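What you see below is based on every heavy atom in this structure, not just the backbone, and it leaves out hydrogens, waters and symmetry mates. From a predicted model like this one, the values you see are computed outputs, not experimental measurements. Both counts, for ligands and for their atoms, begin at 1 and track the order of listing.
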Amino acid sequence: MKFSKSQKLYELGLVNLVGAVNSPVRAFASVGGNPLFIKKAKGSKIIDVDGNKYVDLVLSYGPMVLGHRHKKVQKAIHKALKNGYSFGASTENEIILAKIVCDAFSGMDKVRFVNSGTEAVLSGIRLARAFTGKDKIIKFSGCYHGHQDALLVAAGSGLATLSLPGSLGVPEGAVKNTLISEYNNLESVKKHFEKHDDIAGVIIEPICGNMGVAIPQNNFLIELKDFLESKGALLIADEVMTGFRSKFGGAQELLGVTADITCLGKVIGGGFPVGAYGARNEIMEKVAPLGGMYQAGTLSGNPIAMAGGISTLTELKRQNPYKKFEEIGAILEVILSETAKKYQVELVVNRFGSMMNPFFTKSQVTNFKEAQTSDTKKFAVFFWEMIKNGVFLPPSQFEAWFLSSAISEKDMKIFANAADKALLAVSQMEN
Ligand SMILES: *Cc1c(COP(=O)(O)O)cnc(C)c1O
């Protein structure tokens, strides 16, 4: 497998782009080598500029749930393009997408569209503060909620890969109202409430994907919601990754919890920049123009992005691939576990529906501290062998892999073969 054209573009990219990437998670900092440049993608496959073809388990970090360039989505986009790209005024499609989203989430009467997950969350946090009149927010270490100042502490994802505790350029004042708790540890939440009486709410990835996959244990989420209700604080579900992926109604539907505020992104745009935040009427009525919380966007509700979202969600609902995701996910999980056993590699596989990833550790992984016991050197060797054998993965131990509904039996064979080679290579590493 050759990467010479990617290499050349990488060197060119370094001149006017930062590290030749527009998001640090795309850099290959923790796996070595240089990032691949992509030419195109179709269905379950992605093709780089050297013509190498991979089964894509990155899927743009989640959005491409139907696989790439689904016919119906492409048709909807082409149709929308003919009418214009942006108007700075309302269109019917915004109402249609809003209804699809509100119907899917029981806690959402109204929704506001924005342009990214980051925007959705920063607006959701502002809304929690506006509604409660309180300032403090609790987040869990290892959960990532986009790159807004206030939540860029103990934030998993790219920060974990780059081993950064937080970010330069975030003033102390911006995080003084952010409290950190441990995922799956209700006591660590209660502790903050004993000390502070100005907590607006708790933000959580109901199924965490940004320390790698971590799953709420027992009734963690339900108990958390009950506790918050008793304190008059809000539960803010960051379903940017899990919304329409865990289930059409997101992780909340599966886990039997209704959040006060829900943040969405990724899948709802089907590959176009769409984010959203929503809640019951009483809360959303705080948002301008109905209420005093200001939040705006020149391109929000963009007609092309709305067409991408509507067509993706409509097709997703028709396909209802969640049972298929569960079955295929379970098979890939078994392949990884069995192959690891065969080569005596210590490996823990976490999976929730179509989100999964292996950790190179023997510890269970239910929080960030446990995730960090993983051997990232082993992951790097594993990663490159998977690439060389035709499977495109996120270049980090601490990112979730995703399935699309376009994945085929043949793709799974490619995966099994690659996993065998990759875990053999890991087993042959010198300690
Ligand atoms: C990706 C992600 C975000 C940020 O979304 P962007 O569109 O990258 O700004 C926020 N929260 C979670 C849980 C995410 O996975």
Side-chain angles (χ1 to χ4, degrees), residues 21-27 57-65 105 112-128 137-161 167 178 183 201-216 221 235-246 250-252 255 259 261-278 295 297 299-300 302 305 308-309 312 350 352-357 368 371 394-396 398-402:
V21 294
N22 278 305
S23 185
V25 298
R26 299 176 198 164
L57 299 184
V58 179
L59 297 166
S60 188
Y61 289 84
M64 311 313 298
V65 69
F105 285 83
R112 167 65 60 80
F113 290 116
V114 293
N115 304 291
S116 67
T118 295
E119 257 189 86
V121 173
L122 81 84
S123 309
I125 296 286
R126 187 179 300 152
L127 180 56
I137 299 287
I138 296 176
K139 82 174 282 289
F140 296 95
S141 60
C143 285
Y144 177 69
H145 304 292
H147 66 87
Q148 65 158 314
D149 283 358
L151 297 182
L152 217 45
V153 277
S157 189
L159 290 171
T161 302
S167 169
T178 308
Y183 203 72
V202 173
I203 183 159
I204 188 166
E205 290 182 67
I207 294 148
C208 186
N210 282 299
M211 53 177 109
V213 176
I215 297 162
L221 227 55
L235 179 65
I236 307 155
D238 180 352
E239 294 228 42
V240 170
M241 187 183 285
T242 50
F244 300 99
R245 174 166 280 288
S246 306
Q252 292 174 57
L255 300 171
I261 297 174
T262 298
C263 306
L264 296 165
K266 297 193 169 118
V267 170
I268 58 164
F272 290 84
V274 183
Y277 63 100
Q295 183 275 310
L299 295 177
S300 294
N302 172 272
T312 297
N350 277 5
F352 194 95
S354 64
M355 284 163 56
M356 66 186 294
N357 73 286
F368 193 40
S396 163
F398 306 108
E399 298 283 355
W401 309 353
F402 300 103

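- Residues G62 and R245 come closest through the heavy atom pair O-NH2, 2.8 Å.
- S123 approaches Y277 most closely through the heavy-atom pair CB-CE2, 3.2 Å.
- The distance criterion of under 3.5 Å between nitrogen or oxygen atoms is met by D238 with respect to ligand 1.
- Shown here are the side-chain contact (heavy atoms from CB on, under 4.5 Å) partners of A120, two or more places apart in sequence or in another chain: V114, C263.
- The contact set between ligand 1 and E205, taken as ligand atoms under 4.0 Å from a residue heavy atom, comprises 13 (C).
- The two residues G271 and P63 have their closest heavy-atom pair at N-CB, 3.8 Å.
- A distance of 4.0 Å separates CD1 in I137 from CD1 in I125, rounded to the nearest 0.5 Å.
- Checking only distances, V240 never comes within under 3.5 Å of ligand 1, N or O to N or O.
- Contact annotation: for K266 versus ligand 1, heavy atoms closer than 4.0 Å belong to the side chain alone.
- Near S116, the atoms of ligand 1 lying under 4.0 angstrom from a non-hydrogen atom of the residue are 7 (O), 9 (O).
- Regarding atom 8 (O) of ligand 1, its nearest protein heavy-atom neighbour is T118 OG1, 4.5 Å.
- Contact atoms of ligand 1 toward M241: 15 (O) (distance under 4.0 Å to a heavy atom of the residue).
- Ranking the protein heavy atoms by distance from atom 7 (O) of ligand 1 puts G117 N, 2.8 Å first.
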Next item on the list: Starting from the C-alpha separation in whole Å, work towards a yes-or-no answer on side-chain hydrogen bond (donor to acceptor under 3.5 Å, both in side chains) for R126 and Q295.
Entry: CA-CA 9 Å; R126 187 179 300 152; Q295 183 275 310; over 6 Å; no
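- Polar contact check, H145 against ligand 1: no nitrogen or oxygen pair lies under 3.5 Å apart.
- Counting all heavy atoms, side chain and backbone alike, L221 lies closest to P206 at CD2-CB, 3.6 Å.
- Counting only distance, with no hydrogens or angles, the side chain of Y61 and the backbone of V25 share a donor-acceptor pair below 3.5 Å.
- Ligand-side atoms of ligand 1 in range of Y144: 11 (N), 12 (C), 13 (C), range being under 4.0 angstrom from any heavy atom.
- Only side-chain heavy atoms of N210 come within less than 4.0 Å of ligand 1; its backbone N, CA, C and O stay farther off.
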